[in-house]
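See structure below.
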Amino acid sequence: MEPPTEPDVCAKWSETLRVYHDTSAALECELQARHGLGLSEFEVLQALAGQCCGDPGRKVRMKELEAEMYLSQSALSRTVTRLERAGLVTRDECEYDRRANFLMLTPAGRERWETARPTHKAVLIRHLD
């Protein structure tokens with residue numbers, strides 16, 4: 001089998017970027033319009049919900065969440081601050097390490113995430129299927 005040519009690889013990369021941009025723009029628009037959530041806010045709620053499965057009261061270290069996210073540390077912190085102000089997550093300092101923060105999904109945060117999941121899935125299916 002022949003290796004792909006540079007124009008083939010570049011075309012595939014351009015297509016990947018187009019699909020990513022179109023999909024993320026649609027997700028941002030629909031999540032905001034229907035659920036009052038930006039895409040990064042939904043992604044943080046989803047990551048917290050995934051970390052907390054089976055134990056809705058579990059606190060997650062901010063560093064653990066940061067490792068799962070595509071956001072920079074400062075963008076994640078701003079997103080968490082917005083979610084905290086909206087009552088969707090709580091933030092707690094670590095008792096033994098003052099530099100560490102824990103996050104926890106609130107009942108309202110879990111409910112908003114669960115309500116927004118079908119919208120998220122529908123947009124992904126529409127754009128990626």
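In this chain, residues are counted from 1 in sequence order. Here the structure is a predicted model, which means the values were calculated and not measured.
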Query raised in the report: Can L45 and V89 be said to form a side chain to side chain contact (heavy atoms under 4.5 Å, CB included), step by step?
Result: CA-CA 8 Å; L45 294 178; V89 301; 4.0 Å; yes
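Taking CG of L37 as the start and CG of L88 as the end, the distance is 6.5 Å to the nearest 0.5 Å. A distance of 13.0 Å separates CZ of R117 from CG of L31, quoted to the nearest 0.5 Å. Separating the CZ atom in R112 from the CG atom in L83 is a distance of 9.0 Å, to the nearest 0.5 Å. Rounded to the nearest 0.5 angstrom, D8 CG and T5 OG1 are separated by 3.0 Å. Atom CD of E84 is separated from atom CE of M104 by 11.5 Å, given to the nearest 0.5 angstrom. In this structure, the separation between CG on D22 and CG on L27 is 11.0 Å, given to the nearest 0.5 Å.
When side chains are defined from C-beta on, R82 counts as touching S40, because their heavy atoms get closer than 4.5 Å. Counting only heavy atoms from C-beta outward, the side chains of V80 and R91 approach each other to under 4.5 Å. Residues M69 and V44 form a side-chain contact, since some pair of their non-hydrogen atoms from C-beta on lies under 4.5 Å apart. Looking at L103 and D92, their side chains never come closer than 4.5 Å, going by heavy atoms from C-beta outward.
Both F42 and Y70 are members of a single hydrophobic cluster when ILVMFWY side chains are connected at heavy-atom separations under 4.5 Å.
Side-chain atoms of R78 and T81 form no donor-acceptor pair, as typed in the model, at a separation below 3.5 Å.
Considering every non-hydrogen atom in both E41 and G36, the closest pair reads OE1-O, 4.2 Å. Contact between S77 and M62 at its shortest, heavy atoms only, is CA-CE, 3.9 Å. Minimum heavy-atom separation, G87 to A108: O-CB, 3.9 Å. Residue G38 comes nearest to Q32 through the heavy atom pair N-OE1, 3.4 Å, listed as atom of the first residue, atom of the second, then distance.
In this structure a side-chain-to-backbone donor-acceptor pair under 3.5 Å is missing from T23 to Y20. Judged purely by atom type and a 3.5 angstrom limit, E28 uses its side chain to pair as donor or acceptor with the backbone of L39.
Open room surrounds CD on Q73; 12 or fewer heavy atoms of other groups in view lie less than 6.0 Å from it. Heavy-atom contacts from other residues, nucleotides or ligands closer than 6.0 Å to CD of E114 number more than 12.
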For residues 119-129, which side-chain N or O atoms pair as donor and acceptor with protein atoms under 3.5 Å away, sequence neighbours left out?
residue: T119; atom: OG1; partner: H35; partner atom: NE2; Å: 2.7
residue: R126; atom: NH2; partner: E30; partner atom: OE2; Å: 2.3

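In summary, K12 and E15 do not engage in a salt bridge, as defined by a charged side-chain N under 4.0 Å from a carboxylate O.
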